[in-house]
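Chain naming here is simple, since letters A, B, ... match the order of the sequence lines and numbering starts at 1 in each. Every value quoted in this text rests on a predicted model; they were computed, and no experiment measured them. Hydrogens, waters and symmetry mates are skipped; everything else that's a heavy atom, side chains included, is used.
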Amino acid sequence: MPELPEVETVRRGLVPAMEGQVIASVRVNRPDLRWPFPARMAERLTGQQVLTLRRRSKYILADLASGESLLVHLGMSGRMLVSGRLIGAYWQQTGAEGGQPGPHKHDHVVIDMANGARITFNDPRRFGSMDLLRTDQADRHRLLAGLGPEPLGNSFDARYLAAALAGRRAPVKAALLDQRIIAGLGNIYVCEVLYRTGIDPRRPAAELGADSVAALIPVIRDVLTQAIAAGGSTLQDYQQADGASGAFQDDFRVYGREGQPCLTPGCAGVITRFAQSGRSTFACPDCQR
DNA sequence: AGGTCAACCTGAGCGC
DNA sequence: TGCGCTCAGGTTGACC
């Protein structure tokens, strides 16, 4: 998935095509993704003006003039195309999609705007989702209600994080992946953050000292901010014709670098990969303690 | 209550 | 060429 920076990149890519614009028609090619689509989704979207596109954690919310909001989650493989162009290519482009008009395999929802832009939601693995909710009750939606603070927001600070990690015996990596504690981090950025703070991902969260917890805050903010500025991360070696793909993968220091030398000056370590709760962790055994 | 793990899916890449 | 296996950026719900 796309993690927070990739979702923010997608949101920004959708803004020129959608914000302030009217939805002319909607084609829904299957009844569900991860969950069933909301009742009469196409009808409830058609004719609506999109007032604002915003992001909460890894979710995109399109606030409509009707008082409803379209909630979108990209799952692991969800992609958005604007008139055939992929936004923030965090997933390898496949098949005949490059610049070709649709439809293509896994184009599940197609939204035509009155301005002529065509928004396509393509998701091979179908872990993504869409829902409609009352805009004024968005915070109570089941997918949003339990989310922790935005890592780039004002309420996320050392005091909060220390309290959230207190008493947690889970590995610090699992804790930082827990969206109830902090919303928006995923496997890549947690690996990068723990490497850059010199913390062993296996350490029980509660055993981190106050200094380590405090050190996490600016590193989390910096990594996410830099990744957003780079347009997110692109896996595989996909390059988009219009240059819209992200570039933060060039700044990965541990993710995907198993067997390669540690990049910390003076460290002779070799990056290792091991599994934590079923997911790959990349770390330097020498400088993460 | 907190922590761990399987499950949900398709596709790419690898070794044989 | 093809088969079987592993892996993939997320999240939920069942089970200790």
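- Look at A:Asp200 and A:Arg202 and you find a salt bridge, because one of the NZ, NE, NH1 or NH2 atoms lies within 4.0 Å of a carboxylate O, short of that distance.
- In this structure, the CD atom of A:Glu207 is 12 Å from the P atom of B:dG3, given to the nearest Å.
- For A:Thr52 and A:Asp63, the side-chain atoms include no donor-acceptor pair closer than 3.5 Å.
- Considering only side-chain atoms of A:Arg125, the nucleotide from C:dC7, C:dT11, B:dT10 that sits closest is B:dT10.
- Following rounding to the nearest Å, A:Leu86 (CG) and C:dG9 (P) show an atom-to-atom distance of 18 Å.
- Judged purely by distance below 3.5 Å, without hydrogens or angles, the side chains of A:Tyr255 and A:Ser233 never pair a donor atom with an acceptor atom.
- For the pair A:Arg142 and A:Trp35, the cation sits on the ring face: its NZ or CZ lies under 6.0 Å from the ring centre, inside 45° of the axis.
- In the set C:dG10, C:dA8, B:dC9, C:dA8 carries the atom at the smallest distance from any side-chain atom of A:Tyr255.
- Mapping A:Arg126 and A:Ala174 onto DNA chain B by nearest heavy atom places A:Ala174 at the nucleotide closer to the 5' end.
- When distances are taken from the side chain of A:Ser280 to each of C:dG10, C:dC7, B:dC9, the shortest belongs to C:dC7.
- Between the side chain of A:Thr135 and the backbone N or O of A:Glu68 there is at least one donor-acceptor pair closer than 3.5 Å.
- In this structure, A:Asn122 places its CG atom 10 Å from P of B:dG11, rounding to the nearest Å.
- Contact annotation for A:Arg34: base contact, defined as any heavy-atom pair under 4.0 Å involving a base atom.
- For the pair A:Asp178 and A:Arg168, the salt-bridge criterion is met [side-chain N within less than 4.0 Å of a carboxylate O].
- Put simply, A:Arg279 has no side-chain N or O that comes within less than 4.0 Å of OP1 or OP2 on C:dC7.
- The pair A:Lys58-A:Glu6 does not count as a salt bridge, with every side-chain nitrogen at least 4.0 angstrom from each carboxylate oxygen.
- A donor and an acceptor atom, one from each side chain of A:Tyr195 and A:Thr264, are located under 3.5 Å apart.
- At the phosphate of C:dG9, neither OP1 nor OP2 sits under 4.0 Å from any side-chain N or O atom of A:Lys58.
- Of the N and O atoms on the side chains of A:Asp123 and A:Ser77, at least one donor lies less than 3.5 Å from an acceptor on the other residue.
- Between A:His73 and C:dT11 there is a side-chain N or O to OP1 or OP2 distance below 4.0 Å.
- Side-chain atoms of A:Arg273 and A:Ser280 include a donor-acceptor pair closer than 3.5 Å.
- Contact check, A:Arg168 against B:dG3: a side-chain N or O comes under 4.0 Å of OP1 or OP2.
- Contacts between residues 175-188 of chain A and DNA chain C, defined by a heavy-atom separation under 4.0 Å, are made by A:Gln179, A:Gly186, A:Asn187, A:Ile188.
- Remark: P of C:dG10 and CZ of A:Arg142 are 18 Å apart, rounded to the nearest angstrom.
- For the pair A:Thr197 and A:Val193, the tightest heavy-atom approach, listed with the atom from each and the gap, is OG1-O, 2.7 Å.
- Put simply, A:Lys105 has no side-chain N or O that comes within less than 4.0 Å of OP1 or OP2 on B:dT10.
- Secondary-structure stems of DNA chain B, taken as three or more successive Watson-Crick or G-U wobble pairs (i with j, i+1 with j-1) under a 3.5 Å distance threshold, comprise B:2-8 with C:10-16, B:10-16 with C:2-8.
- Atom CZ in A:Arg273 sits roughly 6 Å away from atom P in C:dC7 (whole-Å rounding).
- Across all strands, A:Pro171 comes closer than 4.0 Å only to sugar-phosphate atoms, never to a base (heavy-atom distances).
- Note: CG (A:Asp107) to P (B:dT10) measures 16 Å, nearest angstrom.
- When atom types are taken as modelled, the side chain of A:Arg257 and the backbone of A:Arg253 share a donor-acceptor pair closer than 3.5 angstrom.
- Separating the CG atom of A:Leu71 from the C1' atom of C:dG10 is a distance of 14 Å, rounded to the nearest angstrom.
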Show each protein N/O and nucleotides 14-16 of chain C N/O combination with a separation under 3.5 Å, one pair to a line.
none

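- In this structure, A:His106 reaches the B:dG11 phosphate: one of its side-chain N or O atoms is under 4.0 Å from OP1 or OP2.
- Counting non-hydrogen atoms under 4.0 angstrom, A:Tyr189 reaches nothing in the nucleic acid.
- A:Lys105 and A:Asn122 form no side-chain donor-acceptor contact under 3.5 Å, judged by distance and modelled atom types alone.
- Going from atom NE2 of A:His108 over to atom P of B:dC8 covers 17 Å, rounded to whole Å.
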